[in-house]
Amino acid sequence: MTISIGDRVPDGTLTEFIENAEDGQSAGPQAFKVSELVKGKKIVLFAVPGAFTPTCTNKHVVDFIRDAEQIKAKGVDEIWCVAVNDAFVMGAWGRDTGATGIIRLLADGAATWTTALGLEMDLIARGLGIRSRRYSAILEDGVVTQLNLEEGGEYKISGTQTILSQL
């Protein structure tokens, strides 16, 4: 079953590569419970099939970096990018794209949370394994208030222009 508007996101664990130890947080991969991350926050979430892939790197993440200030100015506490990659890859991708410190790059290494959302896609035949579908969403205190789910390999409705119009 695919998550829908009005649903609460399932709990799960996402991992983030923390660049610098601060505020009691160690540097390196750190696991976070989704239920704790979403509590009391308005979050713009976008998911990509994979870090370092062409559309994800050259369009999707670039658009969110470019428009992050506009998005946050509309009352958004955090912007998340989730991908079925490990935290080391997500950390490297954040450094490479300049997203670190602007967007929380959250790894769902085994696609566990993505599968719980019902938003996984099987790219095993293409050598990529199970990945996330491309989408964007607005979460308010863990409840999906907007969901923009792409079809196939498209990048038409999950970008920042749609999100900005929905905020």
Side-chain angles (χ1 to χ4, degrees), residues 2-20 22-23 25 30-85 87 90-91 93-108 113-114 116-119 131-167:
T2 303
I3 196 155
S4 301
I5 292 173
D7 292 346
R8 177 168 295 284
V9 294
D11 197 12
T13 301
L14 296 172
T15 309
E16 183 176 20
F17 190 89
I18 304 297
E19 293 293 330
N20 302 304
E22 54 187 51
D23 299 327
Q25 192 74 267
Q30 300 296 316
F32 296 95
K33 297 293 276 177
V34 172
S35 59
E36 294 171 16
L37 292 178
V38 299
K39 195 179 296 180
K41 292 182 184 168
K42 186 174 197 172
I43 296 165
V44 165
L45 158 66
F46 68 104
V48 298
F52 292 106
T53 57
T55 301
C56 305
T57 299
N58 300 324
K59 294 180 183 173
H60 216 168
V61 77
V62 169
D63 290 348
F64 275 90
I65 293 167
R66 180 195 65 221
D67 294 337
E69 286 185 29
Q70 280 182 272
I71 291 167
K72 289 182 178 177
K74 292 186 175 259
V76 171
D77 296 298
E78 295 179 347
I79 301 170
W80 295 3
C81 176
V82 174
V84 179
N85 289 110
M90 294 297 278
W93 193 43
R95 289 186 298 277
D96 190 63
T97 60
T100 301
I102 299 169
I103 296 167
R104 290 190 79 170
L105 299 165
L106 298 166
D108 183 18
W113 193 64
T114 298
L117 291 168
L119 296 174
R131 297 293 179 123
S132 176
R133 289 181 62 185
R134 183 182 309 281
Y135 67 91
S136 63
I138 299 172
L139 310 178
E140 295 192 35
D141 197 29
V143 175
V144 179
T145 60
Q146 296 291 334
L147 179 63
N148 311 299
L149 187 56
E150 299 282 5
E151 293 299 324
E154 293 181 344
Y155 177 56
K156 294 181 179 177
I157 61 168
S158 61
T160 57
Q161 294 310 308
T162 300
I163 286 293
L164 284 165
S165 73
Q166 293 171 331
L167 288 168

Show, in sequence, the C-alpha distance, side-chain angles and deciding distance for Phe17 and Leu105, and conclude whether the side-chain contact (heavy atoms from CB on, under 4.5 Å) test is met. CA-CA 8 Å; Phe17 190 89; Leu105 299 165; over 6 Å; no
Could you go through Val143 and Asp7, starting from their C-alpha distance and side-chain angles, then the distance that decides it, and tell me whether this counts as side-chain contact (heavy atoms from CB on, under 4.5 Å)? CA-CA 6 Å; Val143 175; Asp7 292 346; over 6 Å; no
Give the C-alpha distance, both sets of side-chain angles, the deciding distance and a yes or no for side-chain contact (heavy atoms from CB on, under 4.5 Å) between Thr97 and Val62. CA-CA 7 Å; Thr97 60; Val62 169; 6.0 Å; no
Output, in order, the C-alpha distance, side-chain angles, deciding distance and verdict of side-chain contact (heavy atoms from CB on, under 4.5 Å) for Arg134 and Cys56. CA-CA 9 Å; Arg134 183 182 309 281; Cys56 305; 3.4 Å; yes
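Of the inter-residue distances, the one linking Glu151 atom CD with Glu154 atom CD reads 7.0 Å to the nearest 0.5 angstrom. We find the OG1-CD1 distance between Thr162 and Ile157 to be 6.5 Å, quoted to the nearest 0.5 Å. Taking CG of Leu139 as the reference point, atom CG of Asp77 lies at 11.0 Å (rounded to 0.5 Å). Rounded to the nearest 0.5 angstrom, Ser165 OG and Ile163 CD1 are separated by 8.0 Å. Taken to the nearest 0.5 Å, the CD1 atom of Ile79 stands 11.0 Å off from the CD1 atom of Ile43.
In the model, Gln166 has a side-chain atom that pairs as donor or acceptor with a side-chain atom of Gln146 under 3.5 Å. Side chains of Asn58 and Tyr155: no donor on one and acceptor on the other come within 3.5 Å. Side-chain contact, Trp93 with Thr57: a donor N or O sits under 3.5 Å from an acceptor N or O. Ser136 and Asn148 form a side-chain donor-acceptor contact under 3.5 Å, judged by distance and modelled atom types alone.
Of all the heavy atoms in Ala116 and Pro10, the pair that sits closest is CB-CG, 3.7 Å. Taking each heavy atom of Val82 and Asp108 in turn, the nearest pair found is CG1-CB, 4.1 Å. Scanning all heavy atoms of the two residues, the minimum distance from Ile3 to Val9 falls at CD1-CA, 3.7 Å. Shortest non-hydrogen contact noted between Thr53 and Gly50 is OG1-O, 2.6 Å.
In this structure, Asp141 does not pair ionically with Lys41, as no charged nitrogen and carboxylate oxygen lie closer than 4.0 Å. Electrostatic pairing of Arg95 and Glu19 counts as a salt bridge here, judged by a charged N lying under 4.0 Å from a carboxylate O.
Checked by atom type and distance alone, the side chain of His60 never pairs as donor or acceptor with a backbone atom of Phe46 at under 3.5 Å. Looking only at distances, no side-chain donor or acceptor of Glu16 sits under 3.5 Å from a matching main-chain atom of Ala107. Remark: side-chain polar atoms of Thr145 are paired, donor with acceptor, to backbone N or O of Ile138 under 3.5 angstrom.
Between Glu150 and Arg133 the shortest side-chain heavy-atom distance does not fall below 4.5 Å. Residues Leu149 and Leu119 have side chains in contact (heavy-atom distance under 4.5 Å, counting atoms from C-beta outward). At least one side-chain heavy atom of Ile103 sits under 4.5 Å from a side-chain heavy atom of Ile65. When side chains are defined from C-beta on, Leu106 does not count as touching Met90, because their heavy atoms never get closer than 4.5 Å. At a threshold of 4.5 Å between non-hydrogen side-chain atoms, the residues Thr13 and Trp113 do not count as touching. Ile102 places none of its side-chain heavy atoms less than 4.5 Å from the side chain of Phe64. Asn85 places a side-chain heavy atom less than 4.5 Å from the side chain of Arg131. Side-chain contact between Val48 and Ser132 is absent, with no heavy-atom pair separated by less than 4.5 Å.
Put simply, the residue from Lys42, Lys39, Arg104 that forms a salt bridge (charged side-chain N to carboxylate O under 4.0 Å, His left out) with Glu78 is Arg104.
Heavy-atom contacts from other residues, nucleotides or ligands closer than 6.0 Å to NZ of Lys59 number 12 or fewer.
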